[in-house]
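Below is one structure, written out as structure tokens; the observations come after it.
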Amino acid sequence: MALQIYNTLTGKKEEFVPLEPGRVKMYVCGITVYDLCHIGHARSAIVFDVIYRFLMSLGYEVSYVRNFTDIDDKILRRATAEGVDYRTIAERFIRTFHEDMEALGLLPPTMEPLATEHIPEMIGIIRTLVEKGVAYKAGTDVYFSVERFSGYGRLSGRELEDMVAGARVEVDENKSNPLDFVLWKGSKPGEPAWESPWGPGRPGWHIECSAMATKYLGTTFDVHGGGKDLVFPHHENEIAQAEAAFDAPFAHYWVHNGFVNINNEKMSKSLGNFVTIRDVLECVHPESLRLFVISKHYRSPVDFCDETVGEAERGLERLYSTVETALERTAKDGGADYPDDVLKKQDVELYEKWESLPALFAEAMNNDFNTAQAVGYIFALQRNLQRFLDKFGRKNLKGPAARLAALAADSLLKHCRVMGLLMLEPEVFFDRQRKLKLKTSGVTEEELNDLIALRHKARLEKNFAEADRIRKELEEKRIQLEDFPEGTKWRVSLQPPVG
RNA sequence: GGCGGCAUACCCAAGUGGCAAGGGAGCGGUCUGCAAAACCGUUAUACAGCGGUUCAAAUCCGCUUGCCGCCUCCA
């Protein structure tokens, strides 16, 4: 089955046919750089990162553009509050954004243009709109006239009349229709300003995306994405501006991700339930957050709470653990080839899960990026592989058994990596995971190692009361000891990120 | 007031016409000095309710109830 994408514009799943065979042009609205990013931004970024990776895995050459809004009221407000230039604020939060995205393991987009570096392009579009009579100057501002664009409201599925009727739109005596939106804002004294045919000012919010998207991807391109909240008015306005100016359809497929709630409440600054990406990454591995996000369909709302994140984390550890075990036990003897029927005889169910995964995975992902279903198929293979490994006790696998296990592990890795999971060597993952978690427990690695040594001595002396006392003491600090023939390992359970 | 979405086991969550994926948690077992991890077994005559279409419905249609989002900056 070919890739189907749910298109907000039509409200239906549609077969994806790119404008140019083999190439995809995708624009995703980035952030306004005035504060640290929260997990809602993380969800959006992860969702589109998975889409980006999946499109590339299908063999497409993808041009992926994600912008920064680096001039805006909120940036100016913060700059004034701190007594610095707006650029200082913008640069700071571009930097923190990049740090967060890198920490989350996101691939960088093809391009990350800044609004302020595209003022001439925006002025060009506004000039065209004014010349066509679709935009008008009022006072020091220039507005887009929604009545002059017949398709207005198509994306968000509303009629102009309905919107005006019950709208909570601020009355502005400059506008001829309350829904008209600003293209160019005359600047007040002391504000940053650019020269324009309408006097010094700065661009309105929506125009930058129309300008940057068309500049880098052409007047018509394939995919435009962003959070659900951007459907109206932002994306509606982008379409109006671009199509009115260029007389060409703007984006073909509109993709919108759902929101993140916290403990079933909408996340917002006023409710004080705002969780930044860096807060979460203090106690949760980035891939756990990623698995949490992709365990649910991207269009549904998702509830972020200790329990749901903890579930994702345990699932991720299981994936890594199975892959690690399989790689270790097949390292010596997993490379030689055997006929299919020989492999199948090793374990029919495992063989079938392994054999069917590529098609099932593709089918799930082709069905509007159904990562949740894809994850389900991956876990089914993981469980069968782990079961197969357990049959051999702690021994290394040999011959066709080793081969089958190695193939299954490779398949797990390969498919997970299309979604940006299992990107680390398992031992690196577990090492980082332990160090990250230990920090949240308040115990240093030295203290822990001393206690483990002490307990080891007690166990040798069969002083199990003392050994259990140490176990219990550490358990109270969320540290779980695991005894193996080769020594004692430890793990730390999740520090609740939400509280 | 307008537009849209959702309701599947104890929890999370796929499934959108043909025997209800997957994960977490619980319980019983194997293993262990004890644990943990892992594995095995177990947990929905059933998909908010009512009615309809169909040989067949969680899946389509209608109504009811309950949650939620957007219409203002917002991922």
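Chain letters run A, B, ... following the sequence lines, proteins first and then strands; every chain starts at 1. Quick caveat, the model's predicted, so the values are computed rather than measured. Because only heavy atoms are used, hydrogens play no part in the values below, and waters and symmetry mates are left out as well, while side chains stay in.
Remark: A:Lys414 NZ is loosely packed, at most 12 non-hydrogen atoms of other residues, nucleotides or ligands lying under 6.0 Å away.
Salt-bridge formation is not detected for the pair A:Asp35/A:Arg92: no Lys NZ or Arg NE/NH1/NH2 atom is positioned less than 4.0 Å from an Asp or Glu carboxylate oxygen. With respect to the salt-bridge test (charged N to carboxylate O, under 4.0 angstrom), the residues A:Glu349 and A:Arg383 do not qualify. At a threshold of 4.0 Å, the pair A:Asp49-A:Arg290 counts as salt-bridged, since one of the basic side-chain nitrogens sits closer than that to a carboxylate oxygen. Salt-bridge formation is detected for the pair A:Glu99/A:Arg278: a Lys NZ or Arg NE/NH1/NH2 atom is positioned less than 4.0 Å from an Asp or Glu carboxylate oxygen. Contact check on A:Glu466 versus A:Arg455 returns no salt bridge, with no Lys/Arg side-chain nitrogen under 4.0 Å from an Asp/Glu carboxylate oxygen. Look at A:Lys472 and A:Asp468 and you find no salt bridge, because none of the NZ, NE, NH1 or NH2 atoms lies under 4.0 Å from a carboxylate O.
Remark: the A:Asp229 side chain and the B:C73 base include no donor-acceptor N/O pair separated by less than 3.5 Å. In the interface, the side chain of A:Arg43 is not paired with the base of B:A75 through any donor and acceptor atom under 3.5 Å apart.
If you take atom P in B:G28 and the same atom in B:A57, they sit 39 Å apart, rounded to whole Å. For the P atom pair drawn from B:C10 and B:G18, the interatomic distance equals 25 Å after rounding to whole Å. Comparing B:A48 with B:U65, their C1' atoms sit 8 Å apart, to the nearest whole Å. B:U59 and B:C19 have their C1' atoms separated by 15 Å, given to the nearest Å. Nucleotides B:G49 and B:A7 have their C1' atoms positioned 11 Å apart, rounded to a whole Å. If you take atom P in B:U30 and the same atom in B:A35, they sit 11 Å apart, rounded to whole Å. Distance noted for atom P between B:G22 and B:C60: 23 Å (whole Å). B:G15 and B:G5 are spaced 16 Å apart, taking the P atom of each and rounding to whole Å.
The nearest whole Å value for the distance from the CE atom in A:Met267 to the P atom in B:G69 is 13 Å. Going from atom NE2 of A:His256 over to atom P of B:C71 covers 13 Å, rounded to whole Å. When rounded to the nearest whole Å, the span between NZ of A:Lys228 and C1' of B:G4 equals 9 Å. In this structure, A:Ile452 atom CD1 and B:A36 atom C1' are separated by 13 Å, rounded to whole Å. Rounded to an integer number of Å, the gap from CG of A:Asp180 to P of B:U72 is 13 Å. For A:Asn257 and B:G69, the CG to P distance is 16 Å, given to the nearest whole Å. Atom NZ of A:Lys489 is separated from atom P of B:A38 by 13 Å (rounded to the nearest Å). Straight-line distance from the CG atom of A:Asp35 to the C1' atom of B:A75: 14 Å, rounded to whole Å.
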Every protein N/O lying under 3.5 Å from an N/O of nucleotides 15-20 of chain B:
| from | atom 1 | to | atom 2 | distance (Å) |
| --- | --- | --- | --- | --- |
| B:G15 | OP1 | A:Asn370 | ND2 | 2.5 |

Between N or O atoms, less than 3.5 Å apart, protein on one side and nucleotides 23-28 of chain B on the other: list the pairs.
| from | atom 1 | to | atom 2 | distance (Å) |
| --- | --- | --- | --- | --- |
| B:G23 | OP1 | A:Arg383 | NE | 3.1 |
| B:G23 | N2 | A:Glu311 | OE1 | 3.1 |
| B:G23 | N2 | A:Glu311 | OE2 | 3.3 |
| B:G24 | OP1 | A:Arg318 | NE | 2.7 |
| B:G24 | O3' | A:Arg314 | NE | 3.0 |
| B:G24 | O2' | A:Arg314 | NH2 | 3.3 |
| B:A25 | OP1 | A:Arg314 | NE | 3.2 |

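Proximity of the aromatic rings of A:Tyr34 and A:Phe93 is defined here by a centroid distance below 6.0 angstrom, and this criterion is not met. No close placement of the A:Tyr253 and A:His224 rings is indicated, their centers lying 6.0 Å or farther apart. Ring pair A:His235/A:His256: centre-to-centre distance below 6.0 Å.
Using a 4.0 Å heavy-atom cutoff across all strands shown, A:Gly11 reaches no nucleic acid atom at all. A:Arg77 comes within 4.0 angstrom of no nucleic acid atom, judged by non-hydrogen atoms across all strands. Nucleic acid contact class of A:Ser321 (heavy atoms, under 4.0 Å, all strands): none. A:Gly227 comes within 4.0 angstrom of the backbone, heavy atoms only, and of no base. The residue A:Val260 sits close to a base: some heavy atom pair falls under 4.0 Å. In this structure, A:Lys74 reaches the sugar-phosphate backbone alone: every heavy-atom distance under 4.0 Å involves primed, P, OP1 or OP2 atoms, never a base.
Shortest non-hydrogen contact noted between A:Ser288 and A:Gln433 is OG-NE2, 4.5 Å.
The side-chain heavy atoms of A:Gln480 and A:Leu474, taken from C-beta on, include no pair separated by under 4.5 Å.
Near RNA chain B, meaning a heavy atom under 4.0 Å away, the residues from residues 456-466 of chain A are A:Arg459, A:Phe464.
Nearest nucleotide to the A:Ser44 side chain, out of B:A75, B:A35, B:C70: B:A75. Side-chain proximity of A:Lys266 to B:G69, B:C73, B:A75: nearest is B:G69. In the set B:A38, B:C70, B:A75, the nucleotide with an atom closest to the side chain of A:Phe232 is B:C70. Closest to the side chain of A:Leu230, from the set B:C39, B:C34, B:A75, is B:A75.
Stacking of the aromatic ring of A:Tyr377 onto the base of B:A21 is not found under the criterion of centres within 5.5 Å and planes under 30°.
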Anything under 3.5 Å between a donor and an acceptor, one on a side chain of residues 416-429 of chain A, the other on a protein residue two or more places apart or in another chain? List them.
| from | atom 1 | to | atom 2 | distance (Å) |
| --- | --- | --- | --- | --- |
| A:Arg417 | NE | A:Leu422 | O | 2.7 |
| A:Arg417 | NH2 | A:Leu422 | O | 3.1 |

Which pairs would a plain distance check flag for residues 101-113 of chain A, meaning a side-chain donor or acceptor within less than 3.5 Å of a matching protein atom at least two apart in sequence or in another chain?
| from | atom 1 | to | atom 2 | distance (Å) |
| --- | --- | --- | --- | --- |
| A:Thr110 | OG1 | A:Val62 | O | 3.4 |
| A:Thr110 | OG1 | A:Tyr64 | N | 2.7 |
| A:Thr110 | OG1 | A:Tyr64 | O | 3.3 |
| A:Glu112 | OE1 | A:His98 | NE2 | 2.9 |
| A:Glu112 | OE2 | A:Arg66 | NH2 | 3.2 |
| A:Glu112 | OE2 | A:His98 | NE2 | 3.3 |

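Two residues, A:Arg158 and A:Gly226, neighbour RNA chain B, and the one matched to the more 5' nucleotide by heavy-atom proximity is A:Arg158. Take the nearest nucleotide of RNA chain B for A:Asn264 and for A:His206: the residue whose nucleotide is more 5' is A:Asn264.
At least one donor-acceptor pair under 3.5 Å links the side chain of A:Asp368 to the backbone N or O of A:Tyr6. Side chain of A:Asp100 to main chain of A:Ile277: no donor-acceptor pair is present (N/O by atom type, distance under 3.5 Å, no hydrogens or angles).
Side-chain contact annotation: A:Asn367 with A:Glu363, donor-acceptor N/O pair under 3.5 Å absent.
Stem analysis of RNA chain B (Watson-Crick or G-U pairs, both distances under 3.5 Å, runs of at least three) returns B:1-7 with B:65-71, B:10-12 with B:22-24, B:26-30 with B:38-42, B:48-52 with B:60-64.
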